[in-house]
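Contents: one structure, followed by commentary.
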Amino acid sequence: MSLRRTLVTAGRVLAQLRSDHRTIGLMLVVPCVLLGLLAWIFQDTPVFDGIGASLLGVFPFVVMFIVTSVATLRERTSGTLERLLTTPMAKGDFMFGYALAFGVMAVVQALVATGFAVWVCGLDVAGPLWQLVCVAVLDAVLGTAIGLLASGFARTEFQAVQFMPAFVLPQFLLCGLLVARDRLPDVLRWLSDVLPLSYAVDAMKSVTASTAPGADVAQDAGVIALWVVVALVFGSLTLRRRTA
Amino acid sequence: MMNYAVEIERLRVVRGGRVVLPDLSVRIPAGQVVGLLGPSGSGKSTLIRAVVGVQLVESGEVRVLGEPAGSAGLRRRVGYVTQAPSVYDDLSVRANVRYFADILGMPAAKVDEAVAAVDLTSHADTAVGRLSGGQRSRVSLACALVGDPDLLVLDEPTVGLDPVLRRDLWELFRSLAAQGRSLLVSSHVMDEAVRCDRLLLLREGEVLADATLPELLEATGAVDAESAFLALIDRGQEVLR
């Protein structure tokens, strides 16, 4: 692996994104619109403070999952991936290049969405804001990593998009947003203990509810980071230099 | 002693349950433009994929520049241009070429040189998606040229180009060979045979002929590559090599 090739790949992915203003707009505006909508639905109730933060953890994951899985699938179908793998490019350069590029996008998205939730929608955050942003970035990187993995199993763009509900919705249902995780039936609770989005949402809840959430957040972040590494490793196994 | 760019020994490739290359052995000399000619479906692309090391092969050996095809040491020395242009449509011509130059660690000056070599300097800042099909395949070629490869493997690089451009590209290929580089160029257009130092005629995964054009014409009594190809098929199993 080479740092230079990872960086130029990240730069190339960002340059591609930059030429696509509408995608950037959607990545930044859609989370804000949804958060605003929720705040409006639950105005004058304490509900938004509870789920608003959780959603800040879900959006970056979902958006980056979709963008990444489609983008890497495009590399596979256009032949550019095959071509890159005939060059000195390592699989890791490719994976981490993507993770880095979308990680940068995630920072921007997290800053915009968090700012909007706190200052426009009036989300109450007891803990430090920077931790909220950090968790959002980590969630986005998680989305990128799992998106890279999922794209390995998709042959067409249609399939790639269908993987979104397949990979994301079960996690969304079990992450504690609808029913607190400790009130889930045993089997589902075990399942939710394994899935990464649960930890993303837990971390977000800790930051909003506690004034000193550092230790809890760090623990959750550790689990998410582990998932990122596992997904990137398995994802890189789906990149083959030789194909039939 | 003859110097070979590619040595293939009893190569067998099966794709999707179909035997594409049953048992192919051939040696491609270095420092020449070798044309890989044959109708579509004859196994040209599969052979090319095996040479650049992206094809899963069932058996046999492919050695490129003295090393097993696809080995790490070759990734800097072999340039590969796929049949469908594999470039990024949403980036400019220059950004595409620069990306491949950066991956290969080539200096920035090489980028403009490669863009000029394929005659796209006037379009250097245009997004590739806005270009015509022929222009896009030239961008793809520039991305391979920028790495200064010892062996350039090109799958149908001249499809859809106007005659002037085709002539210019063949002149480029000739000048690269004159610098001592090896080129393997596939085409289904038989007229391009006259541009090659040596021809490899492929049909249904078998080498029908491996000879220079004059040798081929003399052996078959034909007037051009196309009729020589037909003559060889009519003769049946007899192979010229």
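Lettering follows sequence order; numbering is per chain, from 1.
For the pair Arg12(A) and Asp90(B), the salt-bridge criterion is not met [side-chain N within less than 4.0 Å of a carboxylate O].
Annotation: maximal heavy-atom pairing with chain B below 4.5 Å, among Arg5(A), Arg83(A), Glu82(A), occurs at Arg83(A). Between chain A and the residues Ala72(B), Cys143(B), Gly70(B), the most heavy-atom pairs under 4.5 angstrom are made by Cys143(B). For the options Ala84(B), Gly53(B), Gly73(B), heavy-atom pairs under 4.5 Å to chain A are most numerous at Gly53(B). Each of Gly147(B), Pro85(B), Ser140(B) has some count of heavy-atom pairs under 4.5 Å with chain A, and the biggest count is that of Ser140(B).
Taken to the nearest 0.5 Å, the CZ atom of Arg75(B) stands 8.5 Å off from the OG1 atom of Thr86(A). Between Thr9(A) atom OG1 and Ile103(B) atom CD1 the span is 5.0 Å, to the nearest 0.5 Å. Here OH of Tyr80(B) is found 11.5 Å from CG of Leu85(A). Values are rounded to the nearest 0.5 Å. Atom OH in Tyr99(B) sits 7.5 Å away from atom OG1 in Thr87(A) (nearest 0.5 Å).
Of the two parts of Ala127(B), neither the backbone nor the side chain holds a non-hydrogen atom closer than 4.5 Å to a non-hydrogen atom of chain A. Contacts between Thr46(B) and chain A at a heavy-atom distance below 4.5 Å are absent for every atom of the residue. When heavy atoms are compared at a cutoff of 4.5 Å, Arg241(A) approaches chain B by way of both its backbone and its side chain.
Nearest approach of Gln55(B) to Ala244(A), heavy atoms of both residues: NE2-O, 3.3 Å.
Heavy atoms from other residues, nucleotides or ligands lying under 6.0 Å from CZ of Arg174(B) number more than 12. Other residues, nucleotides and ligands contribute only 12 or fewer heavy atoms inside 6.0 Å of the CZ atom of Arg130(B).
Looking only at distances, no side-chain donor or acceptor of Arg240(A) sits under 3.5 Å from a matching main-chain atom of Val54(B).
When side chains are defined from C-beta on, Leu91(B) does not count as touching Ser19(A), because their heavy atoms never get closer than 4.5 Å.
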List the steps and the verdict of side chain to side chain contact (heavy atoms under 4.5 Å, CB included) for Val8(A) and Arg98(B). CA-CA 10 Å; Val8(A) 297; Arg98(B) 193 191 303 126; over 6 Å; no

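The one candidate from Glu75(A), Arg74(A), Gln16(A) that meets the side chain to side chain donor-acceptor pair (under 3.5 Å) condition with Tyr88(B) is Glu75(A).
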